[in-house]
Number of protein chains: 2
Amino acid sequence: MTITDIRQQLSEKGLKITPQRIAVLEAIIKLNNHPSAENIIDYIRKNYPNVSTATVYKVLDALVDNELIKRVKTDKDVMRYDAILHAHHHLYCTKTDKIKDYFNDDLNHLLTNYFKKHRILDFEIADIKLQIVGKFKTPKKTAPKKRNILPKKA
Amino acid sequence: MTITDIRQQLSEKGLKITPQRIAVLEAIIKLNNHPSAENIIDYIRKNYPNVSTATVYKVLDALVDNELIKRVKTDKDVMRYDAILHAHHHLYCTKTDKIKDYFNDDLNHLLTNYFKKHRILDFEIADIKLQIVGKFKTPKKTAPKKRNILPKKA
DNA sequence: TATTAAACGAGAATGATTCGCTTTTAGATT
DNA sequence: AATCTAAAAGCGAATCATTCTCGTTTAATA
Ligand SMILES: [Mn+2]
Ligand SMILES: [Mn+2]
Ligand SMILES: [Zn+2]
Ligand SMILES: [Zn+2]
């Protein structure tokens with residue numbers, strides 16, 4: 001995803017191409033970790049110190065409205081954003097608040113087929129998403145490498 | 001679910017039985033529509049005009065911590081609450097913000113089995129919930145009753 | 001009934017997000 | 001290339017759901 005691609009995407013949606021919009025979209029793509037507005041602002045300000053907070057929020061709204069990004073809901077008071085549009089689910093870590101993508105087309109088909117067969121009365125499904133809540137396991141300590149380490153205190 | 005039951009539930013969790021706690025839990029059960037804190041406050045104040053907003057939030061936290069109710073996440077800035085503890089999913093109406101319960105043990109088994117067979121690397125699942133987003137269909141107009149209606153304009 | 005830690009009430013504070021208004025700018029038009 | 005103008009950006013104030021603080025009340029226990 002190059003800046004040219006981003007300009008292309010904005011243009012396709014009939015959005016004016018502005019440095020702020022490019023920066024926001026680029027930030028979400030680069031950060032690639034379902035960043036909050038604050039994360040995005042911090043990231044952008046490294047290169048463009050004068051971007052206004054309100055502008056970032058307005059850009060985020062515009063990008064969501066034009067389906068260039070998606071909102072990711074959380075338990076917390078902060079909204080998070082996702083530039084990956086391909087259908088996928090999310091692993092929510094209760095310990096760290098990290099959100100990890102979970103791609104599984106097999107599962108998507110399972111669900112789609114399930115609901116094709118079992119319609120929900122009076123409800124028209126637009127999207128089905130799994131909230132998979134839990135904890136990331138810290139990988140099992142396998143025999144740690146022996147190393148010469150200086151003792152903490154002489 | 002009587003008030004005696006509610007007192008029982010609070011007591012089992014070692015929570016002090018207070019009129020405010022009873023009122024909040026009763027409100028969520030009676031409203032039965034994933035109410036927001038504001039909905040709950042409005043409901044309660046009809047009978048107890050002096051309940052403090054802060055108290056309601058504190059009670060909600062205590063009830064969640066003690067697993068007597070659950071939080072329901074939404075797109076919006078308001079948290080909503082659920083007194084139904086039995087595993088179920090939610091239908092989110094994008095048009096009206098209504099959230100309807102979707103019970104389906106068949107589907108629950110499908111998912112549980114699926115993830116029993118297909119572990120997610122390095123992730124320990126605590127809970128899986130479906131966010132089913134869409135719109136409630138207004139029931140199809142079936143042959144409308146013929147009626148004598150006055151014409152709109154003479 | 002007295003004791004006391006826990007819970008409550010009232011209002012201030014917080015903080016993510018939005019608003020209102022002025023200034024700037026992208027992109028079209030001369 | 002210079003001009004035009006609706007759209008976008010900037011900025012400070014406002015909003016509002018939720019949390020905090022602290023003085024007062026109360027449920028539970030002895
Ligand atoms: Mn907030
Ligand atoms: Mn908020
Ligand atoms: Zn994602
Ligand atoms: Zn529910």
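The analysis underlying the following values was restricted to heavy atoms, covering all of them including side chains, and did not include hydrogens, waters or symmetry mates. Labels below follow one simple rule: chain letters A, B, ... track the order of the sequence lines, proteins then strands, and each chain is numbered from 1.
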Checklist outcome for this item: Here the distance between atom P of dG10(D) and atom CD1 of Ile41(A), to the nearest Å, is 11 Å
Checklist entry - Stepwise, does the side-chain hydrogen bond (donor to acceptor under 3.5 Å, both in side chains) test hold for Asp106(B) with Tyr114(A)? => result CA-CA 10 Å; Asp106(B) 192 25; Tyr114(A) 186 89; 3.1 Å; yes
Checklist entry - To the nearest angstrom, how far is Asn66(A) atom CG from dA8(D) atom C1'? => result 14 Å
Checklist entry - Is there a donor-acceptor pair under 3.5 Å between the side chain of Thr112(A) and the backbone N or O of Asn108(A)? => result yes
Checklist entry - Taking CZ from Arg71(A) and C1' from dA16(C), how many angstroms apart are they, rounded to a whole number? => result 13 Å
Checklist outcome for this item: In whole angstroms, the gap separating P of dA7(C) from CG of Leu63(B) amounts to 11 Å
Item to check | Ring geometry between His86(A) and Phe103(A) (parallel below 30°, tilted from 30 to 60°, perpendicular above 60°) | outcome: parallel
Next on the checklist: Counting only side-chain nitrogens and oxygens, does Gln20(B) get under 4.0 Å of the OP1 or OP2 atom of dT26(D)?
Outcome noted: no
Checklist entry - With under 30° as parallel and over 60° as perpendicular, where do the rings of Phe136(A) and Phe123(B) fit, or are they tilted in between? => result perpendicular
Checklist entry - How are the rings of His90(B) and His34(B) set relative to one another: parallel (under 30°), tilted (30 to 60°) or perpendicular (over 60°)? => result perpendicular
Item to check | Thr53(A) vs dG10(D): side-chain N/O to OP1/OP2 distance below 4.0 Å | outcome: no
Item to check | Length of the CG-P vector between Leu60(B) and dA7(C), whole Å | outcome: 15 Å
Checklist entry - Within the structure shown, what part of the strands sits under 4.0 Å from Ala37(B) by heavy-atom distance: base, sugar-phosphate, or nothing? => result sugar-phosphate
Checklist entry - In terms of the nearest nucleotide of DNA chain D, which residue is placed more toward the 5' end: Leu15(B) or Glu38(B)? => result Glu38(B)
Checklist entry - Please give, in whole Å, the distance from dA9(D) C1' to Tyr57(A) OH? => result 16 Å
Checklist outcome for this item: The nucleotide from dC19(C), dA9(D), dA7(C) with an atom nearest the side chain of Arg21(A) is dA9(D)
Checklist entry - Just checking, is any N or O donor in the side chain of His88(B) or Asp82(B) under 3.5 Å from an acceptor N or O on the other one? => result yes
Next on the checklist: Looking at Arg21(B) and Lys16(B), would you say the former's side chain and the latter's main chain have a donor-acceptor pair under 3.5 Å?
Outcome noted: yes
Checklist entry - If you round to the nearest 0.5 Å, how far is CD of Gln20(A) from OG1 of Thr55(A)? => result 6.5 Å
Checklist entry - Which residue, Arg7(B) or Val78(B), contacts DNA chain D at a nucleotide closer to its 5' end, judged by nearest heavy atom? => result Val78(B)
Checklist entry - For Lys73(A), does the NZ atom sit with more than 12 other heavy atoms under 6.0 Å from it, leaving out its own atoms? => result yes
Next on the checklist: Categorize Thr55(A) for me: base, sugar-phosphate, or nothing, with a 4.0 angstrom heavy-atom threshold over every strand shown.
Outcome noted: base
Are any protein N/O atoms closer than 3.5 Å to N/O atoms in nucleotides 21-25 of chain C? If there are, list each pair with its distance.
none

Next on the checklist: How many whole angstroms separate atom OH of Tyr48(A) from atom C1' of dG10(D)?
Outcome noted: 16 Å
Checklist entry - Starting at CG of Leu25(A) and ending at C1' of dA8(D), how long is that distance when rounded to a whole Å? => result 16 Å
Item to check | side-chain N/O Thr18(B) vs dC8(C) OP1/OP2, d < 4.0 Å | outcome: yes
Next on the checklist: To the nearest 10°, give me the bend of the helix from dT1(C)-dA30(D) to dT30(C)-dA1(D), comparing the axes of its five terminal pairs at either end.
Outcome noted: 30°
